[in-house]
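Since we're looking at a predicted model, the values are computed, not measured. Note: hydrogens, waters and symmetry copies are ignored here, and every other heavy atom, side chains too, is used.
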Amino acid sequence: MWLKSLILASLLQIGIAGAANAAGPFGSVNVGNWIGGAFSNDQTGAFSHCAATTPYANGVILVVSQNSAGTWSLAFASPSYNFNKGENAAIDVTFDGREQARLYATAYQSNMLTAIMPLNVVRTFQKASLMVATAGRAVLNFDLTSTGPVIAALANCVSKVKADGLDKAGDFTKVAAKPAAAGDKQGAPPAKPGRTGTFTGTGFVVSPNGHVVTNSHVIDSCTGDIKGNLAGEAAMVLRVVSSDATNDLALLQAPATAMFKDFAKIRDRSMHSGDPVVAIGFPLHGYLSSDLTVTTGIVSSLSGFRNHTGRLQISAAVQAGNSGGPLFDLSGQVAGIVVAKLNALRMIKETGQLTENINFAIKTGALRDFLDNSVVPYQTAEPKGELKTADIAANARAYTMLISCTGTEQADAKR
């Protein structure tokens with residue numbers, strides 16, 4: 001009983017330093033042995049933080065939290081602790097025997113020390129298998145099972161609650177299905193509803209650690225391993241780190257043994273109507289070339305279907321399989337993520353007009369927010385100079401992946 005009580009108390013009190021008055025959980029986070037959810041400030045009723053906790057055989061409970069401002073915290077709780085409130089302590093943490101960091105913790109209650117985690121520590125915590133924490137003469141070992149998915153679930157929890165409110169809190173480890181739109185998603189040629197088939201799309205590496213971005217709809221129907229391979233190279237199994245159905249983005253992780261010297265850099269400035277763009281991907285894989293396909297065009301509009309402000313309309317031709325692929329500016333920086341083409345047959349029925357060269361890409365603002373929430377060490381760059389299209393394609397070859405999997409397409413799936 002004391003363990004359940006301490007876990008609940010720890011969840012309630014970690015999110016904002018010193019905020020002992022909290023209510024929750026709202027919704028749930030259930031990943032491995034981690035449990036948690038969203039919490040509010042009991043005095044104001046406002047959203048406070050999302051937290052998850054797991055107990056260890058050494059008697060210590062770890063609590064990870066992200067508050068509404070985006071700050072990450074790590075707490076160590078135990079019924080055997082007896083700190084003076086406000087007491088400070090330095091905790092040295094070592095991950096997998098290699099990477100080290102010093103955290104500065106404060107006792108906001110007598111049985112728990114809480115420390116702010118800088119983003120570089122969060123990234124290491126997310127991918128590590130073992131953490132050794134040293135405070136004075138005390139040395140404790142923690143097996144970091146499921147830390148990657150729980151960090152992603154908590155980041156999803158914060159973004160969802162901030163967008164939708166506590167009253168709509170649900171299972172933050174699950175991704176809600178996205179309603180169909182007239183701009184059809186472009187994965188592989190679809191299997192018939194309910195039938196098993198092979199689905200393909202495109203993705204690109206955004207960090208030296210092997211983080212790969214694609215569209216969430218590319219992997220929605222996957223039931224087997226998700227594989228990625230660079231042009232002309234063997235496939236590798238990719239792990240799902242996080243997915244955002246609202247913005248149609250997914251983050252995958254390459255194996256730790258994979259090394260990436262080259263990765264995409266994201267444009268740090270907005271695009272303008274008329275700017276030239278280059279789309280690169282693997283359209284109609286198995287029907288067309290198995291190599292990269294390159295198309296060019298311009299930014300036709302700064303909004304998408306039905307004035308979607310998170311999209312760019314582009315004239316560069318895209319086909320099934322281009323989804324999740326990079327859209328480049330002429331300096332070779334990622335200026336968007338290919339996501340859809342307008343459904344020409346549907347538009348003929350609705351308007352009587354044949355539509356051509358109307359395609360869409362996700363703006364980089366949504367991509368950067370997604371990567372920030374997933375704690376990915378991506379890089380941005382200013383657009384400087386212009387490259388030939390052939391040079392942009394040659395550079396992209398080193399980090400643009402064919403994404404493929406087997407799965408069963410749902411009856412209402414749009415690929």
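Of all non-hydrogen atoms in V31 and A153, the two that sit nearest each other are CG2-CB, 4.3 Å. Here the closest non-hydrogen pair linking F282 and M401 is CE1-C, 3.3 Å. When all heavy atoms of R311 and D248 are compared, the pair lying nearest together is NH2-CB, 4.2 Å. When all heavy atoms of D96 and S129 are compared, the closest pair comes out as OD1-N, 3.0 Å. Closest approach of R368 and D268 over heavy atoms only: NH1-CA, 4.2 Å. Between I314 and S300 the shortest heavy-atom distance is C-OG, 3.8 Å.
Listed for the S73 side chain is no donor-acceptor partner under 3.5 Å among the backbone atoms of I116. Between the side chain of S28 and the backbone N or O of G37 there is no donor-acceptor pair closer than 3.5 Å. With hydrogens and angles disregarded, a donor-acceptor distance shorter than 3.5 Å links the side chain of N359 to the backbone of A316. For K168 (side chain) and V161 (main-chain N/O), no donor-acceptor pair under 3.5 Å exists by modelled atom type. N58 contributes a side-chain N or O that, together with a main-chain N or O of N141, makes up a donor-acceptor pair within less than 3.5 Å. With S78 contributing its side chain and S80 its backbone, the two residues share a donor-acceptor pair below 3.5 Å. Of the possible donor and acceptor atoms, one in the side chain of T147 sits under 3.5 Å from a partner among the backbone N and O of Q126. For the pair D275 (side chain) and H272 (backbone), a donor-acceptor distance under 3.5 Å is present. Under the 3.5 Å distance criterion, the side-chain polar atoms of N84 are left unmatched by any main-chain donor or acceptor of E87.
Here L251 contributes atom CG and T214 contributes atom OG1; the two are 10.5 Å apart, rounded to the nearest 0.5 Å. With values rounded to the nearest 0.5 angstrom, L402 atom CG is found 5.0 Å from S404 atom OG. Note that the OG atom of S323 and the CD1 atom of I403 stand 11.5 Å from one another [nearest 0.5 Å]. To the nearest 0.5 angstrom, L302 atom CG is 9.0 Å from M271 atom CE. The line from CZ of F47 to CG of L166 is 6.5 Å long, rounded to the nearest 0.5 Å.
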| message | As a quick check of understanding, evaluate side-chain contact (heavy atoms from CB on, under 4.5 Å) for F199 and V218, giving each step before the final call. | response | CA-CA 7 Å; F199 305 112; V218 169; over 6 Å; no
| Residues N322, T202; criterion side-chain hydrogen bond (donor to acceptor under 3.5 Å, both in side chains); working and verdict | CA-CA 6 Å; N322 270 112; T202 305; 5.2 Å; no
| request: With side-chain hydrogen bond (donor to acceptor under 3.5 Å, both in side chains) as the test, would you mind laying out the steps for D92 and T134 before giving the verdict? | output: CA-CA 5 Å; D92 293 315; T134 304; over 6 Å; no
| field | Test side-chain hydrogen bond (donor to acceptor under 3.5 Å, both in side chains) applied to S242 and S374, step by step | value | CA-CA 7 Å; S242 57; S374 300; 2.9 Å; yes
| said: One pair to check against side-chain contact (heavy atoms from CB on, under 4.5 Å): M112 and F76. What are the steps and the verdict? | reply: CA-CA 6 Å; M112 185 166 65; F76 303 80; 6.0 Å; no
| task | Quick one: do L144 and F95 satisfy side-chain contact (heavy atoms from CB on, under 4.5 Å)? Show the steps, please. | result | CA-CA 9 Å; L144 299 181; F95 298 97; 4.0 Å; yes
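Screening T400, I226, L252, V241 against V212 for a side chain to side chain contact (heavy atoms under 4.5 Å, CB included) leaves a single residue, L252. Under the side chain to side chain contact (heavy atoms under 4.5 Å, CB included) test applied with R397, the options I392, I280, L230, D291 reduce to a single match, D291.
Annotation: side-chain contact (heavy atoms from CB on, under 4.5 Å) contacts of N209 (sequence neighbours excluded): K127, S207, H211, P377.
Ring geometry for W34 versus F125: interplanar angle over 60°, hence perpendicular rather than tilted (30 to 60°).
For the pair F172 and L154, the minimum side-chain heavy-atom distance is 4.5 Å or more. Using a 4.5 Å heavy-atom threshold, the side chains of L330 and L387 count as separate. Between V277 and I298, every side-chain heavy-atom pair lies at or beyond the 4.5 Å cut-off. Within the 4.5 Å cutoff, side-chain heavy atoms of N215 are placed close to those of I362. Between V278 and V294, some side-chain heavy-atom pair lies under the 4.5 Å cut-off. Side-chain contact between I151 and V122 is present, with heavy atoms from C-beta onward closer than 4.5 Å. Two residues are said to be in side-chain contact when any heavy atoms from C-beta on lie closer than 4.5 Å; S331 and K384 fail this criterion. Side-chain contact between L74 and I91 is absent, with no heavy-atom pair separated by less than 4.5 Å.
Between the side chains of N88 and T106, at least one donor N or O lies within less than 3.5 Å of an accepting N or O. With 3.5 Å as the limit, one finds no donor-acceptor pair spanning the side chains of S68 and H49.
The local environment of NZ in K227 is sparse, with at most 12 non-hydrogen atoms from other residues, nucleotides or ligands closer than 6.0 Å. Atom CG of N229 has more than 12 heavy atoms from other residues, nucleotides or ligands within 6.0 Å.
The aromatic ring centroids of F39 and F26 lie 6.0 Å or more from each other.
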Give every donor-acceptor pair under 3.5 Å between a side-chain atom in residues 256-267 and any protein atom, sequence neighbours left out.
| residue | atom | partner | partner atom | Å |
| --- | --- | --- | --- | --- |
| R267 | NE | R269 | O | 2.9 |
| R267 | NH1 | D329 | OD2 | 2.7 |
| R267 | NH2 | S270 | O | 3.3 |

